Structures are given as structure tokens and as C-alpha cells.
Amino acid sequence: MKVAIGSDHAGFHLKEKIKEFLLSKGHEVLDFGTNSEDSTHYPIFARDVALAVQRGEADRGILVCGTGIGMSITANKFKGIRAALCLNEYMARMSRLHNDANVLCLGDRVLGVELALSIVEVWIETPFEGGRHLKRIDLIKEIEKENP
Ligand code: RB5
């Protein structure tokens with residue numbers, strides 16, 4: 001899988017761990033930064049990752065900031081992006097099974113590294129269940145059309 005990743009300064013360390021983890025599992029990683037702990041602004045990176053997923057340049061996206069909240073707010077502004085802020089493996093699994101989430105948002109200041117990587121693993125490996133959930137994704141797409 002090709003995964004676009006990005007973080008602000010608060011998510012930099014976890015983003016690096018996620019990159020290492022994804023590469024070790026044989027995934028391709030497109031790293032949109034940031035590349036240090038220097039203070040920056042999460043919307044810059046949420047935009048780049050959301051656009052990569054929206055344009056089909058990446059299969060999925062993963063965004064990290066302090067809480068994951070700013071990243072999820074920003075990524076969900078993009079048509080076709082279903083960004084899920086997940087605090088545990090259950091949320092990660094359900095965000096794939098029921099919501100077909102294509103962007104995962106994580107909070108570096110909220111999660112330990114081991115839990116975060118476990119969330120990433122579940123989220124990457126879980127397929128969309130389809131069926132009755134497809135109708136709900138279609139309804140989201142209808143709403144997007146109403147809001148150009
Ligand atoms: C940065 O201090 C922090 O506000 C940011 O990483 C994020 O948590 C915003 O949602």
C-alpha cells in the first residue's frame with residue numbers, strides 16, 4: 001500500500017516511528033513532513049496528505065499532531081476524504097469496517113508509541129465491510145455535492 005504521512009512539530013516523533021513501521025511492513029511511504037521539532041502549522045501538512053489521497057497519489061493517509069484534532073478538522077474539509085481520529089484499536093477497526101476511513105489521525109501527546117503503532121497496524125490491515133455501510137458513504141458523497 002502507498003501511504004502518505006504528515007505531521008506538525010508536535011507529531012514529528014510519532015510520524016517518524018510510523019514511517020519506520022510502515023516501511024518495515026513493506027509499504028511505500030510518501031512523507032510530506034514536517035522534518036523537525038521546529039514550530040509549524042498542522043493545516044499545511046493535512047492539506048498535502050489529503051490532496052495526495054484525494055488525487056489517488058496515495059492509497060491512504062496518516063496525520064499526526066498533538067491531539068489529532070486539528071489534523072482531522074482540516075483533512076475532512078477535502079471532498080472524498082474521510083479522516084478518522086482514533087484513540088484505540090477498536091476505533092481504528094470500526095473506522096475502516098463501517099466508515100471506509102481513508103485518512104487516520106493520531107495525537108502524539110495522547111498516545112504512547114506502542115499503542116499508536118498498534119492502531120496503525122489495525123487500520124492499515126482492516127478492509128471496508130461494504131454492504132449497508134456503502135449506502136451511508138454514498139449519503140456522505142451526496143452531502144459533499146450539496147456543498148461545492
Ligand atoms: C500544537 O501545539 C498543537 O496545537 C497541534 O499539534 C494540534 O494538537 C492541534 O490540533
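Scope of the values below: all heavy atoms of this structure, side chains included, with no hydrogens, waters or symmetry mates. Just so it is clear, the structure is predicted and the values come from calculations on it, not from any experiment. We count ligands from 1, going down the list as the structure has it; atoms in each ligand are counted the same way.
- Residue pairs meeting the salt bridge (Lys or Arg N to Asp or Glu O under 4.0 Å) criterion with at least one partner in residues 30-52, sequence neighbours excluded, are Lys15-Asp31, Lys19-Asp31.
- Taking 4.0 Å as the cut-off between side-chain N and carboxylate O, Glu144 and Lys141 do not count as a salt-bridged pair.
- Atom NZ of Lys77 is surrounded by 12 or fewer heavy atoms from other residues, nucleotides or ligands within 6.0 Å.
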For ligand 1, what N or O to protein N or O distances fall under 3.5 Å?
{"unit_1": "ligand 1", "atom_1": "2 (O)", "unit_2": "Arg109", "atom_2": "NH1", "d": "3.3"}
{"unit_1": "ligand 1", "atom_1": "6 (O)", "unit_2": "Asp8", "atom_2": "OD2", "d": "2.6"}
{"unit_1": "ligand 1", "atom_1": "6 (O)", "unit_2": "Gly66", "atom_2": "N", "d": "2.8"}
{"unit_1": "ligand 1", "atom_1": "8 (O)", "unit_2": "Gly66", "atom_2": "N", "d": "3.2"}
{"unit_1": "ligand 1", "atom_1": "8 (O)", "unit_2": "Thr67", "atom_2": "N", "d": "3.0"}
{"unit_1": "ligand 1", "atom_1": "8 (O)", "unit_2": "Thr67", "atom_2": "OG1", "d": "3.3"}
{"unit_1": "ligand 1", "atom_1": "10 (O)", "unit_2": "Thr67", "atom_2": "OG1", "d": "3.4"}
{"unit_1": "ligand 1", "atom_1": "10 (O)", "unit_2": "Gly70", "atom_2": "N", "d": "2.8"}

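- Looking at Lys2 and Glu57, no side-chain N of the basic residue comes within less than 4.0 Å of a carboxylate O on the acidic one, giving no salt bridge.
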Checklist entry - Are Leu63 and Leu106 close enough, and set up right, to give a side-chain contact (heavy atoms from CB on, under 4.5 Å), and what steps lead you there? => result CA-CA 6 Å; Leu63 289 163; Leu106 298 171; over 6 Å; no
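- Hydrophobic clustering (side-chain heavy atoms under 4.5 Å, transitive across Ile, Leu, Val, Met, Phe, Trp, Tyr) groups Phe21 together with Val64.
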